[in-house]
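To start, the structure under review is shown below, and the notes come after it.
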Amino acid sequence: MAEISKSYEPRDVEKKWYGAWLEAGAFAGNAKGEGVEPYTIVIPPPNVTGVLTMGHVLNNTLQDILIRRARLEGFSALWVPGTDHAGIATQTVVERELRKQKQTRHDFGREKFLEKVWAWRQEKGGIILEQLRRLGASCDWDRTQFTMDPHYSRAVLTVFVDLFRKGNIYRGKRMVNWCPVSQTALSDEEVIMKPVNGTIYRVRYERVDVPGQFVEVKTTRPETIPGDVAIAVHPDDPRYAGWIGKKVRRPIGPAAEIPIIADASVDREFGTGALKITPAHDKVDFEIGQRHGLPAVDVLHANGVLNELAGPELAGVERFAGRKKAAELLRERGALVAEEAYANNVGYSERADVPIEPRLTWQWWLRYPRIEEAKAAVRDGHIRFHPERWSKVYLHWLENIQDWCISRQLWWGHRIPVWYRKGLDKEKLSEADLADPAQVHVSLEGPADPENWVQEDDVLDTWASSWLWPFATLGWPDAAAMERAGLKYFYPTTTLVTGPDIIFFWVARMIMAGLEFMGPAEPLPARGNGRPATVAPRLTESELKARIPFRHVYFTGIIRDQQGRKMSKSLGNSPDPLDLIDKYGADGLRFGIISIAPQGQDIRFQEDRIEGGKNFCNKLWNACRFRQMSGEAGDNSALAAIVARLEASKFDADDHAILDRLLATTREVARCFREFEFSAAVQGLYGFFWNDFCDWYVEVSKSKLQDPATKANCLAIQDLVLRQTLLLLHPFIPFITEELWQQLGYGAAGRFVEDARVEDEEELVDVLQAGGVGVDTAAVASVEKLKAFVSQARALKAEHNLASRRDVKLFVIAAEGDWNVLAGNLAKLTRMIGAAELTRRDSVEGAPAVVTPLGTVYLDLASTVDAGAERIRLTREIEQITKHIAGTETRLANPAFVSKAPPAVLEGARKQLADQQAKKAELERLLKALG
RNA sequence: GGACCUUUAGCUCAGUUGGUUAGAGCGUUUCCUUGACAUGGAAAAGGUCACUGGUUCGAGUCCAGUAAGGUCCA
């Protein structure tokens, strides 16, 4: 076997093993028969436009950890990868490219433009998946999906047709969030509220019947005044008693007299208590307008430029310029009373990052199915959120859910499968038309006589395709494809890993989609447009369990920079993960990012933790190297083979202690996986491996390996610990653990780590017991004392500037039992402390000393010691211990404590006091001896 | 306006049913190139656990309130 090289070079190791895994088909998810449980994850599909961010690194590392651990635990694991067509985002990117050549999508037309987008996707769409491979993601790449793949599109359109026929989808003219840049409607979820410092204008409207009398309103949007159709006041507002029903003049825009109306929804406290009503440009105004039968006067073009209805002075002016112009016009006409600074919240388009316009348009709407069952699924624990608190956010959203605007005025996406009979006026579509197959055709195939029909131009919201991800990626709705993909076996999936920012966009909607569509196939109404008014019966609990898309949802934190800002492309504060992989290795990056990602908290990114990840890998590498250099490899082919090499009769306290810690760590890691506490798992493994194994066991090994009597057992212990540690670490750092596993010959020849099974604590105990090995807890306790002894002796040396000297002599005054413990470990102790010898004495005079749990250690420096300094040090220590004694005594003197505290605590306190008093007495004796 | 989260060492954070003298990594100081590892080893300094009250024999931990910062929903 080749020797492990002196330094760890991640690049070669990573490339080699990823290739080997792929070649062996190690990531393939196969439906297994009875007795083998599935473990399924579907990737949150990254935007096809995307490149890997730190968020992806965290998210996908977590999924990879789960899926690799699942393989090690014997599950049939499947991780389905893929990408999302990301309607607006992708179209925007391609249009931006076109704009560089001074072209727009309209220069090409729908078909040609879509060809361009597909070409772009062909070229750039695989980048992010390639990057995930660098990270080590063990997805079943043969199953890679795209939300615009033919079969996936079929799923999306099937769902549309089905929900249309069930009457959940309708067309309506409503206020929508309109993005003037993308020129499409957006769902409420795609609107980001931002605080904006702006101006509020106080504007007065003159009464028609009483010239010189005015009603004042406050508005942030004077450019919409030409669209005003009324002024509203509260019916009980005494200030306006007698004004209701009178008319005022619109101060700008086409001349008009508009009524003062009374509406109870007006807030009397805000501004002057009078509100201008502009139904076409404000949701609340629209509702008031509806109640009062007022017209909606839309003064904006779709692109945000004011139109002719705004009047000749404003027509053709862009909306923000129009605002200034409107203010000027008002001022000229004496209608502007005042301008005040004003901070309010404005809705911005998520993608284009410009203020949205409330706009009245015809759109397709979806009444969500299975809302009640979706609540129950989470409330009753069929789906568990981690951390649990997100379920509250989820439930709150479902309580207040609004119909979903699913149509987008884009070209890139799933074109809505609706055809209108030629000549039908889309602007006057009624529910009766929708129900009439002679007027509106809805199907996957389209009408048989296409020449008589016109297809809907709009496409579906991207999320109206990704909400089907957990089952559309498993072949739904095609029966043969479902069989091939193993939907029946792998669904419901096990765990979803995602960010809380898409809890509404995606998580909630997937749950509703799963509940609606994962039942036994319900035949669609074969003919016609369906649209029954009946409501589907509530799902039973067992139906619910079978239909949910996943059982656990793990919400990651958001990765922030050092200043706590979100990482974003525009701020340029996000490191490129590929650079980090080059610098620290994929394993180092994975280990580092997980170690700083506690459950449920946002993550402050620190590159030094990634460096720490690399350092840990290097430590692991070198510890394995030390094992290899220490002696011949024994039979490492299986755990039992290694255990068979242990010689229980030759165990010393250190052997017991390291096995005890290995068992505890095995248990702790298992607990962390159950509780989704990945950073705790990593920290536990770090502490165990670095402190317990390397700093202590490997160091004491150096003596044990010198002795032919203990060498073989020591090597077997090292193999046992390294094998199990590699198994526990493998999900977190797969590459290096695979390399070392192979180098040290653990497991069967020619097999991977994941062909082995990770033993849990009980299994480990059983195998040890079968090999005649039991852990002696008394021995474990004595190692703690030995560690303290070594540490204190080293400190004593350091304090006298002898840290690096290895020739000092140490004397110890110890009780018989303590000395026996020391005497049994002399070679190790002198080596660890760096002393020439350690001998027992009955008395020592005037030498610096330290009190340890195994006796008092003296440095043989009687002649050179600075008695003054030593006196000060001892006095300080006595002061400290006296304080602690006082604290312990106070507790014990409290009768309530003595009578109420549990016996174990009481006993502990008494022992503590005794130990403290003994130590103090010893320190005082030392001080006195100094003279 | 409503909900949630955070506040512990210079920095970033752990701290799992309340129980010895509150931990880690990084940074800092001193020493060490001793044959696994300087991507390392040894030692050390550094904290009135945001504040105020309460419950308790006992509170970083539980409860109430206050302050500051953050997130989401209106």
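Order of the sequence lines fixes the chain letters, A, B, ..., with proteins taken first and strands second; residue numbering starts at 1 for each chain.
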How would you label the contact of A/F504 with the nucleic acid (heavy atoms, under 4.0 Å): base, sugar-phosphate, or nothing? sugar-phosphate
State, yes or no, whether a side-chain contact exists between A/E287 and A/M175 at a heavy-atom distance under 4.5 Å. no
B/rU66 and B/rG2: how far apart are their P atoms, nearest whole angstrom? 12 Å
Of A/V783, A/I658, A/N691, which meets side chain to side chain contact (heavy atoms under 4.5 Å, CB included) against A/W696? A/V783
Span that lies between the C1' atom of B/rU21 and that of B/rU48, in whole angstrom: 16 Å
Which label fits A/W621 and A/Y8: parallel for a plane angle under 30°, tilted from 30 to 60°, or perpendicular past 60°? tilted
Let me know the distance between CG of A/L892 and P of B/rU20, rounded to the nearest Å. 14 Å
Go through B/rA43, B/rC4, B/rC57 for me and flag the one nearest to the A/R389 side chain. B/rC4
Name the pairing partner of B/rU34, where a pair is Watson-Crick or G-U wobble with both distances under 3.5 Å, or state none. none
Touch check for A/R671, heavy atoms < 4.0 angstrom, all strands: base, sugar-phosphate only, or nothing? base
In this structure, how many angstroms lie between the C1' atom of B/rC5 and the CD1 atom of A/I603, rounded? 14 Å
Side chain of A/R794 only, please: which of B/rA36, B/rG25, B/rA43 is the nearest? B/rA43
Residue A/N618, side-chain heavy atoms: nucleotide from B/rA42, B/rU39, B/rC26 that is nearest: B/rU39
Distance criterion of 3.5 Å, no angle test: do you see the side chain of A/K619 paired donor-to-acceptor with the base of B/rC37? yes
Of the candidate nucleotides B/rC57, B/rG70, B/rA14, which contains the atom at the shortest distance from the side chain of A/R560? B/rG70
Whole Å only: how far is the NZ atom of A/K797 from the P atom of B/rU30? 20 Å
What integer number of Å spans the C1' atoms of B/rA59 and B/rG54? 11 Å
Tell me what A/K392 touches on the nucleic acid: a base, only sugar-phosphate, or nothing, going by heavy atoms under 4.0 Å. sugar-phosphate
May I ask you to say what A/A795 touches in the nucleic acid, namely base, sugar-phosphate or nothing, with a heavy-atom cut-off under 4.0 Å? sugar-phosphate
Under 4.0 Å, counting only non-hydrogen atoms across every strand here, what does A/S630 touch: a base, just sugar-phosphate, or nothing? nothing
Whole-Å distance, A/D501 CG to B/rC73 P, equals 10 Å
Using the C1' atom in both, what is the distance from B/rC63 to B/rU56, to the nearest Å? 12 Å
Looking at B/rG25, I'd like to know if its phosphate oxygens (OP1 or OP2) sit under 4.0 Å from a side-chain N or O belonging to A/W690. no
Can you tell me the base-pairing partner of B/rU28? Count Watson-Crick or G-U wobble geometry only, both distances below 3.5 Å, and say none if there is no partner. B/rA44
How far, in whole Å, is B/rU28 from B/rA9 if one measures between their C1' atoms? 12 Å
Distance in angstrom units between A/F505 CZ and B/rC72 C1', rounded: 13 Å
Quick one: sort the A/F555 and A/F385 rings into parallel, tilted or perpendicular, breaks at 30° and 60°. perpendicular
Would A/E699 and A/K828 pass as an ion pair if we require N to O under 4.0 Å? no
Euclidean distance, atom OH of residue A/Y8 to atom P of B/rG40 [Å, nearest integer]: 14 Å
Earlier contact from the 5' end, RNA chain B, for A/R625 and A/E677: A/E677
Using atom C1' of each nucleotide, how far apart are B/rG25 and B/rG46 to the nearest Å? 15 Å
With RNA chain B as reference, determine whether A/V698 or A/K614 sits nearer its 5' end, using the nearest nucleotide of each. A/V698
Return the nearest nucleotide to the side chain of A/N345; candidates are B/rA3, B/rA74, B/rG19. B/rA74
Which part of the nucleic acid, if any, lies within reach of A/C694 when heavy atoms closer than 4.0 Å are counted: base, sugar-phosphate only, or nothing? base
Sticking with atom C1', work out how far B/rG58 lies from B/rU20, rounded to a whole angstrom. 12 Å
Can you tell which of B/rG19, B/rA36, B/rU39 lies closest to the side chain of A/R891? B/rG19
Does A/S679 have a side-chain nitrogen or oxygen under 4.0 Å from the phosphate oxygens OP1 or OP2 of B/rA14? no
Just say parallel, tilted or perpendicular for the rings of A/F673 and A/F732, cut-offs at 30° and 60°. tilted
Would you mind telling me which of B/rC73, B/rG40, B/rA43 lies closest to the side-chain atoms of A/H396? B/rC73
Complement of B/rU21, any strand, by Watson-Crick or G-U distances under 3.5 angstrom: none
Looking at the side chain of A/R604, which of B/rU12, B/rC37, B/rG19 is the nearest nucleotide? B/rU12
May I ask you to say what A/K583 touches in the nucleic acid, namely base, sugar-phosphate or nothing, with a heavy-atom cut-off under 4.0 Å? nothing
Parallel, tilted or perpendicular: which describes the rings of A/Y697 and A/F693, with under 30° parallel and over 60° perpendicular? parallel
Any idea how A/F616 and A/F689 line up, ring-wise: parallel (<30°), tilted (30 to 60°), or perpendicular (>60°)? perpendicular
Residue pair A/Q792 / A/V851: nearest heavy atoms and the distance that separates them: NE2-O, 2.9 Å
So A/V898, base contact, sugar-phosphate only, or nothing? Heavy-atom distance under 4.0 Å. nothing
C1' gap between B/rC11 and B/rG27, integer Å: 7 Å
Quick check on B/rU21: is either OP1 or OP2 less than 4.0 Å from any side-chain nitrogen or oxygen of A/Q912? yes
Atom CZ of A/F678 and atom C1' of B/rU16 are separated, to the nearest Å, by 16 Å
Taking a pair to mean Watson-Crick or G-U wobble geometry with both distances below 3.5 Å, B/rG65 pairs with B/rC51
Going by purine N1 to pyrimidine N3 plus the second Watson-Crick contact, or the G-U wobble pair, all under 3.5 Å, which nucleotide sits opposite B/rC72? B/rG2
Once you apply a heavy-atom cut-off of 4.0 Å, does A/P902 come out as touching a base, just sugar-phosphate, or nothing? base
Touch check for A/E699, heavy atoms < 4.0 angstrom, all strands: base, sugar-phosphate only, or nothing? base
Atom pair distance, as rounded to whole Å: CG in A/N615 and C1' in B/rA24: 15 Å
